[in-house]
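To start, the structure under review is shown below, and the notes come after it.
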Amino acid sequence: MSIYDSLNNEQKQAVMHTEGPVLILAGAGSGKTRVLVHRIAYMIEEKGIAPYNILAITFTNKAAGEMRERVDNLVGFGSEQIWVATFHSTCVRILRRHIDLLGFDTNFTIYDSDDSKSVMKQVFKNLNIDNKQLKEKRVLNAISSAKDELIGPEQFERDAFGYDEQRIATCYKEYQEVLRSSNALDFDDIIFKTVELFKTHPEVLDNYSERFRYIMVDEYQDTNIAQYELIRLLAKKYRNLCVVGDDDQSIYKFRGANIRNILDFEQHFEEAFVIKLEQNYRSTQNILDAANAVIRNNVGRKEKALWTSQGEGDKLHFRQFDTAYEEAEYIADDLEREVRKAHVRFKECAVLYRTNAQSRILEEKFVRDGIPYNLVGGVNFYDRKEIKDMLAYLRMVDNARDDLQVKRIINVPRRGIGQTTIDRITTYAREHALTFYEACEEVRDIPSIGAAAKKIEGFVDMVRVMRASAPEYGLRGLINDIIERTGYIAELQASEEEDAEDRIDNIYELVNKIVYYEDTTDEPSLSGFLEEVALVSDLDDMDEQEDRAVLMTIHAAKGLEFERVYIAGCEDGVFPSYMSMMDTDPDAIEEERRLAYVGITRAKKDLTITYARCRMNKGEFQYNPVSRFVREIPEHLLDNTLPKQKKVELDSYDNDSYERNIFKAKPFGLGNGSTAGNVFGVGSGISSGNVFGAGSGISKGFGSLATGSTSASKAGSKNGKPSSTLNAMSAFSKGMAKADKLEYGVGDRVSHVKYGQGTVLDILDDVKDYKVTVEFDGAGKKVMYAMFAKLKKI
DNA sequence: CGTAGTTTTGTTTTT
DNA sequence: CAAAACTACG
């Protein structure tokens, strides 16, 4: 009896074929992760390959984490030496060691798409480009695609055709220039620069080729040209490259994924051994039949048909509704019903949709029904303003050349430094070839700054102190120092804004994460933490322990499986998207169809497809026909008949007549049903006692909910983005402790860094900390947490 | 310089 | 509809 006996024939072949190029075409649910993990075990235990020589690359941190865990469980000795990582983190690790060869500092910063946008705005300013004629977004997209195809600024310029492209070429050059002077890389650069490094420094490549003698790549259908090239270079020497993928699940073309990489693998690597995994261990036959029927409509795919030895199972459920509200209501009700009947648990259910915008209505109904849920995607925890501000401070301390961060927070909280001053410093910096911060240091030499100079000097002093004390402070010390020195939380507390408390909680949550990172990482460093933040997405640290249903896009659901799946918004114009229907390239619809295939195959036992005749989009009511993908499912697999196709709809594959189907309609009462309704707050939870992801931002009538969430142990935060990333650990249980008692009492005179002197009116002993109310002589009445207020008794 | 109020604009998906 | 960008005023 060995661990390999549990594999089927094809899986075994894939596992045991360890030498040379291998292509594993793994249909959905065919156990590809199992194969990869067993293959690694086989290589080590049966072939005596050193764990050190193995590299396994995935796309998401979640996939990497899952594989890591399963490998650790299966491989007894030396499993920690196996390199399991995403493309991005692999490349970052390599660049941190060698990027000085390309003229960057090894402590470079990683810019997210928001940062990129800011850089592009600066570029437009520098080049005097009117953003009405050329959109930043368009330029960024063009640059991103270019990088995906390994086209650098010089080549882009050479190939530029026409006025617009030439201007984009100029922007591209300038954009890279700004990044370089900021010692920063954007997402695409991470791969691009690694390839560049390998190409220009063969000795570095050789070093890694020697190390990674056995390479495995998961989700190969999603690789772009740059990633392909990276893998090709690494595998060139030993040629032990095993790729796993499914051309039918290629859904990232917009991100540069090149489906040809997998379709042409046998041409790229001539002696490739190819194996197909078609036995599905996940879904019922009915679900597979539906998936197969849909995907069959695509041309230019590798023929395969999933089958299962499980029974045919229930029919697929199809439900149609008049409005998106009724659709959402049904999904929430039905899901709750099924859980109550003990057919499934919440966490075994997922609601999938095409666009993030669709999540709102669903969330609203889930909150109303008290159904615990996690929302994946949408606004990331790290995308919130207060978190980005805090991170900007950290990044500024970490990388002195990061102008962007300095500009972001130089006036946050307000220091009376306005746009004019910032522009003047920017100009001065450019003229003297300085970074923005260096220019700030020389502020008294800048003419025409006048009164603002003093404020800048104050800022520079503050940054100096932060930088100087950072090394001895440790990370938690640094973040606390920043919070205190900037008075960021103090300002929030003082503000009248409704969501101030939530934002304060979010900041505490960030402190939690920092403390957690510092305590659980071998060699914690500021760069290390920031890197993790930059490369981690919401999905990655979704907590599966908790019993919550999941709401997410179909894209985000790839690689996951659920007992019960709802696919909402199955309408032509939503799914497939309006864009893809209008696209002249037939592959646009095919990609949407692959997405449908991915969605359907997430379900193990039950699949519910819903359709809403009318839905609100960009402030207009849209009337859409049933999705063509639903019509591609044989009717005998559905438990309901589809609405009759109307004459107009028969032609709906034709773009022009489709357009006639979209009406502009005035709201006629439908609108109200959505936002009215009594929604009750977090505290009321559900019987099981689970606190659910509170979407306080969902409805404006929610005032009390926002406050209530503060005291909930696991409250969601503002904007209805439940805190899937937040952990229960309280900011106050680690890192910072609530004082046993305060040195001042009611009636005492105290002083505050920002607001000056005042009289304590009230002290409330809250769970986390004392809430102190102070009447300041100058600034009026403020309520603040004692821990951060740092009040001194006079 | 800061803010409140007004206008405009939305590519759908994301490492 | 909602977020972002812009404008005008104190």
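Since we're looking at a predicted model, the values are computed, not measured. Only heavy atoms go into these numbers, but all of them, side chains included; no hydrogens, no water, no symmetry mates.
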**OP:** Using a heavy-atom cut-off of under 4.0 Å over every strand shown, decide if A:Thr421 touches base, sugar-phosphate, or nothing.
**Re:** sugar-phosphate

Subject >> Cationic N near anionic O, under 4.0 Å, A:Glu219 to A:Lys32 >> reply: yes

Original post:
So is A:Lys513 actually on top of A:Phe381's ring, under 6.0 Å and inside 45° of the axis?
Top reply: yes

Original post:
Whole-Å distance between B:dT13 P and A:Met552 CE?
Top reply: 15 Å

**OP:** Could you check A:Tyr175 against A:Val139 for side chain to side chain contact (heavy atoms under 4.5 Å, CB included), going step by step and ending with a plain yes or no?
**Re:** CA-CA 10 Å; A:Tyr175 175 82; A:Val139 179; over 6 Å; no

**OP:** Step by step, work out the side chain to side chain donor-acceptor pair (under 3.5 Å) result for A:Tyr488 and A:Asp389.
**Re:** CA-CA 9 Å; A:Tyr488 196 100; A:Asp389 287 342; 2.6 Å; yes

Subject >> Nucleotide nearest A:Phe254 when distance is taken to its side chain, options C:dA3, B:dT14, B:dC1 >> reply: B:dT14

Original post:
Which nucleotide in the set C:dA3, B:dT12, B:dC1 lies at the smallest distance from any side-chain heavy atom of A:Thr355?
Top reply: B:dT12

**OP:** Report the residue (A:Gly416 or A:Glu591) whose heavy-atom-nearest nucleotide on DNA chain B is the more 5′ of the two.
**Re:** A:Gly416

Original post:
Of the nucleotides B:dT13, B:dT15, C:dC6, which has the atom closest to the A:Thr60 side chain?
Top reply: B:dT15

**OP:** Choose from B:dT14, C:dC6, B:dT12 the nucleotide whose nearest atom is closest to any side-chain atom of A:Arg255.
**Re:** B:dT14

**OP:** Nearest whole angstrom, please: distance from the P of B:dT13 to the CZ of A:Arg594.
**Re:** 18 Å

Subject >> Inter-nucleotide P distance (B:dT13, C:dA4), Å rounded >> reply: 14 Å

Original post:
Just checking A:Lys135: base, sugar-phosphate only, or nothing, at a heavy-atom cut-off of under 4.0 Å?
Top reply: sugar-phosphate

Original post:
Do the charged groups of A:Lys388 and A:Asp112 touch, with an N to O distance under 4.0 Å?
Top reply: yes

**OP:** Check every strand shown and say whether A:Ile417 touches a base, only sugar-phosphate, or nothing at a heavy-atom separation below 4.0 Å.
**Re:** sugar-phosphate

Original post:
With a 4.0 Å cut-off, would you call A:Lys253 and A:Asp585 a salt bridge?
Top reply: yes

Original post:
Does A:Lys121 have a side-chain nitrogen or oxygen under 4.0 Å from the phosphate oxygens OP1 or OP2 of C:dA5?
Top reply: yes

**OP:** Please tell me which of the listed nucleotides, C:dA2, B:dT13, B:dT3, lies nearest to the side chain of A:Arg414?
**Re:** B:dT3

**OP:** With the side chain of A:His555 defined as its heavy atoms from C-beta on, choose the nearest nucleotide among B:dT14, B:dT12, C:dA5.
**Re:** B:dT14

Original post:
To the side chain of A:Asn411, which of C:dA3, C:dA5, B:dG2 is closest?
Top reply: B:dG2

Original post:
According to a strict under-4.0 Å criterion, is A:Thr553 in side-chain N/O contact with OP1 or OP2 of B:dT12?
Top reply: no

Original post:
When we call it a touch if two heavy atoms are under 4.0 Å apart, what does A:Asn356 touch: a base, just sugar-phosphate, or nothing?
Top reply: sugar-phosphate

**OP:** Using a 3.5 Å limit on both pairing distances, list the dot-bracket string of DNA chain B from the 5' end; Watson-Crick and G-U wobble pairs count, crossing pairs take [ ], interstrand pairs take |.
**Re:** ||||||||||.....

Subject >> Residue-phosphate contact under 4.0 Å: A:Arg360 side-chain N/O, C:dA3 OP1/OP2 >> reply: yes

**OP:** Using a 4.0 Å heavy-atom cut-off across all strands, classify A:Lys253 as base, sugar-phosphate, or nothing.
**Re:** nothing

**OP:** Given salt bridge (charged side-chain N to carboxylate O under 4.0 Å, His left out), test A:Arg594 with A:Asp248 step by step and report yes or no.
**Re:** CA-CA 6 Å; A:Arg594 292 193 286 271; A:Asp248 288 334; over 6 Å; no

Original post:
Within the structure shown, what part of the strands sits under 4.0 Å from A:Tyr252 by heavy-atom distance: base, sugar-phosphate, or nothing?
Top reply: sugar-phosphate

Original post:
Does A:Tyr111 have any ring-ring contact (aromatic ring centres under 6.0 Å, His included) partners at least two apart in sequence or in another chain, and if so, which?
Top reply: none

**OP:** From the options B:dT12, C:dA3, C:dC1, select the nucleotide whose nearest atom is closest to the side chain of A:Met579.
**Re:** B:dT12

Original post:
Salt bridge check: are A:Lys193 and A:Glu196 linked by an N-O gap of less than 4.0 Å?
Top reply: yes

Original post:
Once you round it to whole Å, what is the distance between P of B:dT14 and NZ of A:Lys62?
Top reply: 15 Å

**OP:** With the side chain of A:Lys618 defined as its heavy atoms from C-beta on, choose the nearest nucleotide among B:dT11, B:dT15, B:dG10.
**Re:** B:dG10

Subject >> Closest-nucleotide ordering on DNA chain B, the 5'-leading residue of A:Gln419 and A:Glu592 >> reply: A:Gln419

Subject >> Residue A:Phe187, side-chain atoms from C-beta onward, closest of B:dT15, C:dC1, B:dT14 >> reply: B:dT15

